[in-house]
Amino acid sequence: CFLCATKTLPRLLIIAGPTASGKSKLALDVADRLNGIVINADSMQVYTDLQVVTARPTTEITDLAPHHLYGVLGMEARCSAGQWRALAITTIDEVHKRERLPIVVGGTGLYLKALMLGLHTMPSVPRDIREHLNQRLSEEGAAALYEELSSGDPATATDLYPADGQRIVRALEILLHTGRGLRSWQTNEVSEVPANLRFFAISLLPLRDDLYAAANTRFDEMLDGGAIDEVASLLERSPPDDFPLLKAVGVPPIRAYLGSEIDRERLRELGKRDTRRYAKRQMTWFRHQFVSEMSIETKYSEINRNKIFSKIRSFLLTD
């Protein structure tokens, strides 16, 4: 195989970018051509539920190349960047032992940053504290919890939006459990970056109009692929309010449609809008906070395939 004949191990390829940029297709092509194994770095695709909504690879795709850390956590789990990082490092090591190329692909920037740069050591918070705060968030609203956070941990509160309930809950649970603010914990030592890994990161950053068009198409395909029935099936199982997939892009408008709050056309309109907004946030993050060795300003396609593979091969062959 290509890798066995070169001095490439232990190397690691990272493919990053916003939704609908062609990351998964590029990862599959690399896995096929360069004896690779795909490793998920998407915070929603790590869960078992909502395969269609989260665009998790289908069986037809995973039959073409091994895929890991997709659909591995159930409804009771909550995956953090630290937990994902530990799973990813273990998986990467196993892939290297098999003399294959690990290909980490996803659009969750915090996961990728944690892998490449390390992560601050954070305390584990008992679940009952989080559940209590989420119940308060539902009953009292984000503003009330933000005021409490501002009183007990003003340094962290200044970094948050008063309406960002999820982040406020995270900061409050750290404060209540440890007596120290989140900002204080973030000054701790960072976990070590794996010394035996050499990274090559590729960012797919298409032009805005092209990305938005792809995002719109993605949502149409999602609806046609059974997303509504998938969400309905999940809701029948009464997931807890803090289950991350309930906030996945596309789920809130589908829930509104299932509750007869909006019609199907409004569902389509809101779903496409939310997908575009999500893609824009991802694009902004990757442009300003992610350092890559290669940045592609278009969606992955046959037009830029040779250029990308030339760079990857050069990386694998360089001592």
Side-chain angles (χ1 to χ4, degrees), residues 1-18 21-43 45-46 57 65-70 80-121 189-205 282 285-297 300 304-319:
C1 68
F2 179 80
L3 287 178
C4 298
T6 64
K7 300 177 181 179
T8 60
L9 298 179
R11 307 271 169 118
L12 173 64
L13 180 65
I14 292 177
I15 301 173
S21 59
K23 300 185 302 295
S24 297
K25 175 63 172 131
L26 173 56
L28 184 62
D29 283 356
V30 174
D32 178 53
R33 295 187 180 198
L34 301 179
N35 195 33
I37 291 179
V38 182
I39 301 171
N40 171 48
D42 183 288
S43 62
Q45 292 181 349
V46 75
H67 284 61
H68 292 287
L69 301 188
Y70 290 91
S80 67
Q83 292 168 326
W84 175 85
R85 182 179 186 272
L87 291 171
I89 289 176
T90 298
T91 305
I92 290 166
D93 184 56
E94 293 171 351
V95 172
H96 280 144
K97 288 178 180 177
R98 296 171 61 184
E99 296 190 334
R100 301 185 70 169
L101 174 65
I103 307 162
V104 177
V105 56
T108 302
L110 183 58
Y111 282 15
L112 297 174
K113 189 174 181 179
L115 175 63
M116 299 173 71
L117 302 178
L119 195 67
H120 292 285
T121 303
E189 291 185 3
V190 176
S191 55
E192 292 185 1
V193 177
N196 65 329
L197 293 179
R198 184 173 176 184
F199 299 98
F200 185 83
I202 300 173
S203 297
L204 296 178
L205 303 172
Q282 287 180 299
W285 194 93
F286 283 114
R287 285 194 183 279
H288 297 288
Q289 299 197 46
F290 187 74
V291 178
S292 58
E293 283 70 31
M294 185 179 191
S295 181
I296 304 297
E297 302 293 325
Y300 173 64
N304 50 37
R305 179 181 299 162
N306 289 340
K307 177 182 177 181
I308 294 174
F309 272 85
S310 176
K311 290 286 188 180
I312 294 174
R313 287 192 171 95
S314 177
F315 161 69
L316 295 178
L317 288 168
T318 302
D319 290 336

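This structure is a prediction, so every number in the text was calculated from the model and none was measured.
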Of all heavy-atom pairs between [X] and [Y], which one has the smallest distance, and what is that distance?
X      : Y      : answer
Ser24  : Val105 : N-CG2, 4.3 Å
Val38  : Ala31  : CG2-CB, 4.1 Å
Asn40  : Val46  : ND2-N, 3.5 Å
Lys23  : Ser21  : CG-OG, 3.3 Å
Met294 : Ile308 : CE-CA, 3.6 Å
Ala201 : Ser292 : O-CB, 3.4 Å

With the side chain counted from C-beta on, respond yes when [X] and [Y] share a heavy-atom pair under 4.5 Å apart, and no when they do not.
X      : Y      : result
Ile15  : Tyr300 : no
Phe309 : Arg33  : yes
Leu197 : His96  : yes
Val95  : Leu101 : no
Ile296 : Leu26  : no
Phe200 : Leu316 : no
Ile202 : Leu13  : yes
Gln83  : Leu87  : no

> Which word best sums up how the rings of Phe290 and Phe286 line up, parallel for under 30°, tilted for 30 to 60°, or perpendicular for over 60°?
Replying inline: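 If you compare the ring of Phe290 with that of Phe286, the planes turn out perpendicular.
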
>> Can you tell me how the ring of Trp84 sits relative to the ring of Tyr111, calling it parallel under 30°, perpendicular over 60° and tilted otherwise?
In response: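 Trp84 and Tyr111: parallel rings.
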
> Just by distance, do the side chain of Thr90 and the backbone of Ala86 share a donor-acceptor pair under 3.5 Å?
Replying inline: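 Here the side-chain-to-backbone pair exists.
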
> Is a side-chain donor or acceptor of Arg100 paired with a backbone partner of Ile37 at a separation under 3.5 angstrom?
Replying inline: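 Flag not set: sc Arg100 to bb Ile37 has no pair under 3.5 Å.
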
>> Going by the rule side chain to side chain donor-acceptor pair (under 3.5 Å), which residues pair with Glu94 if we only count those two or more places apart in sequence or in a different chain?
In response: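 By the side chain to side chain donor-acceptor pair (under 3.5 Å) rule, Glu94 matches no residue at all.
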
>> Rounded to the nearest 0.5 Å, what separates atom CD1 in Ile39 from atom CG in Leu115?
In response: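 Between Ile39 CD1 and Leu115 CG, I get 8.5 Å after rounding to 0.5 Å.
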
